[in-house]
Undergrad: 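Pasting in a structure now, in structure tokens, and then I'll have a few things to ask.
Scope of the values below: all heavy atoms of this structure, side chains included, with no hydrogens, waters or symmetry mates. Throughout, a chain's letter reflects where its sequence line sits, starting with A, and its residues are numbered from 1.
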There are 2 protein chains.
Amino acid sequence: MSPTAQPSSSGAQLLDRTVVLLDLVADGGVDGLSLKELAARSGLNTATCHRILNTLVGHKLLARDDKKRRYRLGARMAIYGVRAARGPGIISRCEVALTRLRRRTGDTTHLMARFNHDSVCLDRRDGECIVPTLTGSIGGFVPLGVGPGSIAMLAFLDEDEQDYIIRANLGRYASYRNLTKDKVRQLIADTRRRGYAVDMGELIPGIAGVGMPIMTPGEKPGAALSFTLLCAKVGPGVIERYGALLEEEINAIIGQ
Amino acid sequence: MSPTAQPSSSGAQLLDRTVVLLDLVADGGVDGLSLKELAARSGLNTATCHRILNTLVGHKLLARDDKKRRYRLGARMAIYGVRAARGPGIISRCEVALTRLRRRTGDTTHLMARFNHDSVCLDRRDGECIVPTLTGSIGGFVPLGVGPGSIAMLAFLDEDEQDYIIRANLGRYASYRNLTKDKVRQLIADTRRRGYAVDMGELIPGIAGVGMPIMTPGEKPGAALSFTLLCAKVGPGVIERYGALLEEEINAIIGQ
DNA sequence: GCAGTTTTTTCATAATATGAGATTTTATGT
DNA sequence: ACATAAAATCTCATATTATGAAAAAACTGC
């Protein structure tokens, strides 16, 4: 994912730094990250990093490959993860919606969440025919601005934040069929007007998508629901119907 | 789950306390926990709790229902969870094994992890016929000592720790068909002798189970693989075959 | 075996977390 | 609606803890 810069609340410096490190490790990919890399990316002193990381390893929030001395997320984190998914959080609240949207359309549905400069797949239901998706499976991610769910969230952030994120992600857009920042801005404008994001095969040829943010009142969008389907399936009125379905489910989710 | 008592490494008091609170919230169930409850259970000063919890909420590691003022795991935790599941951790390493064990037998397979006094389901593959299981779905848990995967882990801890855990879980065993501590000790002895745990319908009538711990050299058992199947399916040699299958997969997992 | 690199430990100092108590907010009973 | 209790939140002087520069140790590649 992207380099992390966690806005820090007052006090609690150690915890702020810990979260920065956790974020970096979470983004670290399959090989994990070394102390040196973590120190460099976080901007923290090596000794400070080392101390925090070791404590986290002790608590199994992180794990360390003793051979390669690289840090990755640990067993306790996996446990918190499954508990978070089961508890009354966003995943549970969207579970029924995802399933119902899939059933009503036969198409693949996604629950995406905003995480730093990225959009992470938290849950999905596979459609009747297998379609290639940007994020692959649960846990997969794309830069904010790439894909309908991702654009849907980006579009309803305030402009300063959009600018910041787009700038941060600039270098990564090119790998998505030469997406440009102007195109992203265009999509944001379209999405704000329409209320939901639409992609008609522009990212993956032949694959369309519709995405809408879950907007809790008074909060910035943190999650989105989306459809992925074959462009061939998109006849007149289909996109509008999918938009309406998303709106219906999201309203239900927000009202408890 | 169970009341949490995290052994604390030297220094890093704030982080230790944070983990205690995270554990408590992870165990908090669907309704979450209030500040007062968390302060009581953790033994921490109310103000200290409040400060730590608020910081965690700020980082979205926890979330707070503003109406009911109760804490639960937050969105960032869900994200770490899906990343942990995708990365090179225990879940990924067991993914193939789970699937293959299911394919070779047609039965439900589980990956369980030890968490404080409990055994949590991290992953599973459903068998050909639906069988009731103790843990239900991913994220479900049972006290250590209940069920084959759970016993498998407990059996290979050192005796002091077994005693401690059994004592802590005493009150909870009764809800599992009047399981007793003597029965648990018996099962531990059987498991150590055999190398894997076997349950023949003693916890859920008609449902059998076979479980074996994943023992990384030099570490206490942190996870286990297990089968759940119909007792009716258990003919001569079946249990032994299942034990051998588990051993084979676990050896493969340990050797990278 | 050596030179460079990365990790780990040390320790005096500065900075932070602490928790008792005061204050505010929320819940409950009349 | 008001009074009372209970819980949550805030404040601040103090002691404890985190900090990071530097030294030591462990690893790496040649």
Undergrad: Rounded to whole angstroms, how far apart are CG on Leu44(A) and P on dT19(D)?
TA: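 It is 8 Å, rounded to the nearest whole Å.
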Undergrad: Can you tell me how far C1' of dA15(D) sits from CD of Gln13(B), to the nearest Å?
TA: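 So the CD-C1' distance, Gln13(B) to dA15(D), works out to 11 Å.
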Undergrad: Measure CZ/Arg70(B) against C1'/dA7(D) and give the value in whole Å, please.
TA: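 So the two atoms are 12 Å apart, to the nearest Å.
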Undergrad: Looking at every strand, decide which applies to Arg17(A) at a 4.0 Å heavy-atom threshold: base, sugar-phosphate, or nothing.
TA: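 Arg17(A): backbone/sugar contact only, no base atoms under 4.0 Å.
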Undergrad: Kindly point out which of dA7(D), dT8(C), dT6(C) is positioned nearest to the side chain of Lys36(B)?
TA: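 The answer is dA7(D).
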Undergrad: Between the main-chain N or O of His110(B) and the side-chain N or O of Asp123(B), is there a donor-acceptor pair closer than 3.5 Å?
TA: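 Judged by distance alone, no pair lies under 3.5 Å.
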Undergrad: In whole angstroms, how far is the P atom of dA17(C) from the CG atom of Leu53(B)?
TA: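 It is 15 Å, rounded to the nearest whole Å.
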Undergrad: Please classify the nucleic acid contact of Ser34(B) as base, sugar-phosphate, or nothing, using heavy-atom distances under 4.0 Å.
TA: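 The residue Ser34(B) makes sugar-phosphate contact but no base contact.
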Undergrad: Do the side chains of Arg72(A) and Asp65(A) get close enough for a salt bridge, i.e. N-O under 4.0 angstrom?
TA: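 Salt bridge present between Arg72(A) and Asp65(A).
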Undergrad: For Asp16(B) and dT17(D), what is the distance between atoms CG and P respectively, to the nearest whole Å?
TA: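 My rounded result for the distance is 11 Å.
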Undergrad: Taking protein heavy atoms under 4.0 Å as touching, what does nucleotides 22-30 of chain D look like 5' to 3' if B marks base contact, S marks sugar-phosphate-only contact and - marks none?
TA: ----SS---
Undergrad: Please enumerate all residues that pass side-chain contact (heavy atoms from CB on, under 4.5 Å) together with Thr216(A), with sequence neighbours excluded.
TA: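 In terms of side-chain contact (heavy atoms from CB on, under 4.5 Å), with neighbours along the sequence ignored, Thr216(A) is linked to Glu219(A).
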Undergrad: Before accepting this row, confirm whether a basic side-chain N of the pair Asp23(B)/Arg76(A) lies closer than 4.0 Å to the acidic partner's carboxylate O.
TA: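 Counted as a salt bridge, because a side-chain N and a carboxylate O are separated by less than 4.0 Å.
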Undergrad: Rounded to 10°, tell me the angle between the two end axes of the helix from dG1(C)-dC30(D) to dT30(C)-dA1(D), each built from five pairs.
TA: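 The end-segment axes of the helix from dG1(C)-dC30(D) to dT30(C)-dA1(D) are tilted 70° relative to each other.
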Undergrad: Looking only at heavy atoms, which two atoms of Val184(B) and Gly145(B) are closest? And how far apart?
TA: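 Residues Val184(B) and Gly145(B), closest heavy atoms: CG2-O, 4.1 Å.
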Undergrad: Do the side chain of Arg114(B) and the main chain of Pro221(B) share a donor and acceptor less than 3.5 angstrom apart?
TA: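 Pair found, side chain donor or acceptor close to backbone of Pro221(B).
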Undergrad: Under the 3.5 angstrom rule, does the side chain of Thr48(B) hit a backbone N or O of Leu44(B) as a donor-acceptor pair?
TA: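 No; zero donor-acceptor contacts below 3.5 Å.
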Undergrad: Output the rounded distance in Å from CD (Glu37(A)) to C1' (dT5(C)).
TA: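 So the two atoms are 13 Å apart, to the nearest Å.
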Undergrad: Salt-bridge test for Asp118(B) and Arg172(B): reply yes if a basic N is under 4.0 Å from a carboxylate O, no otherwise.
TA: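 Result for this pair is yes, salt bridge flagged.
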Undergrad: Tell me which nucleotide among dT8(C), dT18(C), dT19(D) gets nearest to the side chain of Arg51(B).
TA: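 From the listed options, dT18(C) comes nearest.
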Undergrad: Nearest heavy-atom pair of Ser119(A) and Met112(A): which atoms, and what distance?
TA: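 For Ser119(A) and Met112(A), the tightest heavy-atom pair comes out as OG-CE, 3.2 Å.
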Undergrad: Which comes earlier along DNA chain D counting from the 5' end, the contact point of Tyr71(B) or that of Thr48(A), where each point is its nearest nucleotide?
TA: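 The answer here is Tyr71(B).
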Undergrad: Please compare Leu15(A) and His50(A) by the position of their nearest nucleotide in DNA chain C and report the one closer to 5'.
TA: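 It is His50(A), whose closest nucleotide lies nearer the 5' terminus.
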Undergrad: Would you mind reading off the distance between Asn54(B) atom CG and dA7(D) atom C1', rounded to a whole angstrom?
TA: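 Result: 14 Å.
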Undergrad: Whole-Å distance between dT7(C) C1' and Ile52(A) CD1?
TA: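 Between C1' of dT7(C) and CD1 of Ile52(A): 16 Å.
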